[in-house]
2 protein chains.
Amino acid sequence: MRDNLTERSKQILEAIIEDYIVTAEPVGSRTVSRQHGLNLSPATVRNVMADLEEMGFLASPHTSAGRVPTDKAYRLYVDSLLGVRKVAREEREEIRKHCSLTGKDIGEVLHETSRMLSSVSHYMGIVVAPRFAADVLRHLEFVKLGGRRILVILVSQSGAVQNKIVETTDDFSSEELVRMSNYLNELVAGLTIAQVRSRLLEELENAKTRYDALLSKALRLSQQSLPDKDSEVFLEGQSNILELPEFADVGRMKEIFRAFEEKGQLVSLLDQCLGAQGINIFIGAESRLSQMAGLSVITSTYMTGRNTLGVLGVIGPTRMGYAKVIPIVDYTAKMVSRLLEME
Amino acid sequence: MRDNLTERSKQILEAIIEDYIVTAEPVGSRTVSRQHGLNLSPATVRNVMADLEEMGFLASPHTSAGRVPTDKAYRLYVDSLLGVRKVAREEREEIRKHCSLTGKDIGEVLHETSRMLSSVSHYMGIVVAPRFAADVLRHLEFVKLGGRRILVILVSQSGAVQNKIVETTDDFSSEELVRMSNYLNELVAGLTIAQVRSRLLEELENAKTRYDALLSKALRLSQQSLPDKDSEVFLEGQSNILELPEFADVGRMKEIFRAFEEKGQLVSLLDQCLGAQGINIFIGAESRLSQMAGLSVITSTYMTGRNTLGVLGVIGPTRMGYAKVIPIVDYTAKMVSRLLEME
DNA sequence: TATTAGCACTCACCATTTCCGAGTGCTAAT
DNA sequence: ATTAGCACTCGGAAATGGTGAGTGCTAATA
């Protein structure tokens with residue numbers, strides 16, 4: 001038996017995967033031969049299964065258990081076996097009805113999206129907020145707080161807001177602050193936050209401004225508030241995966257929760273998807289993170305125009321209901337994109 | 001034996017509690033008689049223990065196990081047995097070094113505080129952000145986003161920022177938006193957000209503004225953006241409690257995580273502490289929440305001047321290291337208060 | 001009278017054993 | 001090429017028995 005699979009073995013593999021997805025139990029030859037249309041005796045199925053195991057698509061936990069699909073099997077499954085399904089009507093409803101902007105801020109919208117993804121998929125929903133630094137600065141404002149504290153507010157094109165408190169040595173008047181922000185708004189109009197950063201540096205060197213004390217202070221002030229915080233991640237529905245039998249073991253559980261508490265790794269994993277547009281799937285150990293063993297991630301990017309903003313998706317067990325979840329993620333990404341469109 | 005405890009039985013109870021706090025194992029009479037200064041035979045200790053059990057301070061999991069302190073025992077312990085300790089030097093260090101404001105926003109500061117509480121205490125840290133509505137509005141601003149979308153930015157006295165996207169039917173020019181915000185800033189100067197709300201309504205009725213289309217639109221616009229979101233909660237260190245032996249059971253685990261995913265209940269529990277200044281302790285079932293069985297909460301309020309802002313604290317098992325954690329929470333609350341002071 | 005030693009008893013916990021059946025791989029028959 | 005038949009494997013549940021920490025009671029002791 002060569003490495004290319006016959007039609008039949010594909011069908012059997014698919015049957016095993018689909019059975020395992022719902023039962024989470026090793027699948028035996030009887031089961032396959034019985035429930036699925038293909039009329040084959042258990043013995044025949046066993047032969048095929050032995051081949052599939054040799055090719056690395058199946059594994060047996062021990063001699064007298066059934067077979068379990070490997071990551072390789074899931075990969076094949078999502079790449080070629082899986083028929084593309086549409087989003088079910090109720091799911092579509094639930095996604096749609098959550099889409100509204102008025103009265104919320106961007107963060108809230110993304111947070112809710114993550115919650116929605118988790119509740120529709122019954123796994124974990126994850127949304128990575130746009131990198132602020134990559135966005136175009138729309139508006140900048142200084143607000144005087146008590147004492148020597150100044151609040152710097154940055155608004156990006158897409159409506160994201162960042163604010164930072166800065167403590168100054170000088171005591172600026174409100175009028176000075178207004179003048180400063182007018183000056184700066186003009187200086188940086190239309191630049192991305194990242195560009196603003198270098199623009200400020202340039203300007204600091206500039207002979208003209210060097211002799212205007214107020215302006216150069218303004219430059220310094222805004223510079224202090226530019227360091228970007230790490231991108232926000234919204235991860236919801238962690239309790240959903242507590243229900244899964246494969247994580248009933250407390251040790252495994254701990255490991256996963258520890259991993260998710262440190263959002264950084266998660267971000268760098270999902271950042272890899274930023275480049276590739278559309279649906280992206282990591283199965284189990286494919287991502288190099290050992291903590292992801294047994295977990296799969298389905299992501300898609302959301303964007304305005306041709307500008308990719310961020311990544312959203314669902315994290316579940318490798319035996320996730322791909323056929324159902326993939327369309328959900330896809331549809332959600334599209335809806336969020338449309339929602340954030342600021343023509 | 002009447003309900004008032006002799007000095008000796010108090011000592012024994014204390015010994016049992018403290019032993020149980022570190023071991024998480026039922027404490028037997030041998031153990032008590034051996035390690036603690038009071039020279040008593042196991043038999044004597046047993047007699048006392050039997051009394052304490054009858055009085056409801058101890059419970060036996062089963063005949064041949066030691067005794068376990070009840071919630072009532074912990075209550076007595078924190079109220080009268082426990083000597084007030086100071087914060088250890090290293091802990092104080094760790095708390096202090098985290099206290100800085102520059103380059104962060106309020107949310108970030110509180111989030112970090114929660115993380116810090118969890119890492120210092122080794123339980124969960126929790127911080128409830130100030131109710132925005134109770135704070136005085138400092139500044140209000142409209143920023144035009146693409147299309148018919150307007151971003152409303154509200155800045156409170158204490159430096160908290162809320163922003164909301166509002167979709168309008170009219171297409172305002174930037175100049176109009178500036179005029180509108182000037183008008184409104186003047187109108188609501190010095191009022192709390194809650195007061196602003198009613199002030200806006202009043203003004204909408206007002207004859208003067210009724211005939212100025214722009215102004216009345218401004219009023220409606222800002223009104224739309226006032227509905228407060230539920231107060232933010234920062235809960236960190238959930239994985240810490242995964243380590244605790246009493247939650248090794250998966251069922252218990254699930255329950256707790258489910259409870260914490262729904263932050264609402266947590267908030268309403270902690271809101272009860274807003275009134276009472278200073279340290280506040282809930283032990284196990286004292287809070288009416290069934291999910292809190294086995295958990296205790298130590299909280300304190302943080303404030304600027306005599307204005308209570310919010311609540312922060314630590315959530316741990318009932319057998320928490322009270323002697324260590326209480327001072328930590330107390331000290332942290334003071335530091336955060338000082339940090340947010342905006343003279 | 002308060003404390004303590006002694007002792008019989010209880011019961012969770014651990015390790016061991018036993019048993020069962022689902023599932024396999026092989027071989028021979030179709 | 002497929003399938004029936006069969007011996008074999010091995011995890012997991014249930015039954016068994018021993019161990020020891022801990023108890024409550026009683027009688028001796030200071």
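We name chains A, B, ... by the order of the sequence lines, and we start the count at 1 in each one.
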Ranking B:P42 and B:P61 by the position along DNA chain C of their nearest nucleotide, the one closer to 5' is B:P42
Which nucleotide, if any, forms a Watson-Crick or G-U wobble pair with [N], using both distances under 3.5 Å?
N      : answer
C:dG23 : D:dC8
C:dT30 : D:dA1
D:dG18 : C:dC13

What string of B, S and - do you get for nucleotides 23-30 of chain C, 5' to 3', if B is base contact, S is sugar-phosphate-only contact and - is no contact with any protein heavy atom under 4.0 Å? SBB-----
Compute whether any side-chain donor of one residue and acceptor of the other, for B:Q238 and A:Q238, lie under 3.5 angstrom apart. no
Looking at residues at least two apart in the chain, or sitting in another chain, which of them share a side-chain contact (heavy atoms from CB on, under 4.5 Å) with A:V325? A:S121, A:Y123, A:I298, A:V314, A:M320, A:V329
In terms of relative ring orientation, are A:Y74 and A:Y322 parallel, tilted or perpendicular, with 30° and 60° separating the classes? tilted
Closest non-hydrogen contact found for B:K254 with A:E243 is NZ-OE1, 3.3 Å
Return the value, rounded to whole Å, for the distance between atom CD1 of B:I16 and atom P of D:dG22. 12 Å
Is it true that, when you exclude A:R30 itself, more than 12 heavy atoms of the residues, nucleotides or ligands shown sit nearer than 6.0 Å to its CZ? no
Verdict with reasoning, B:V250 to A:M253, per side-chain contact (heavy atoms from CB on, under 4.5 Å): CA-CA 9 Å; B:V250 187; A:M253 202 74 263; 5.5 Å; no
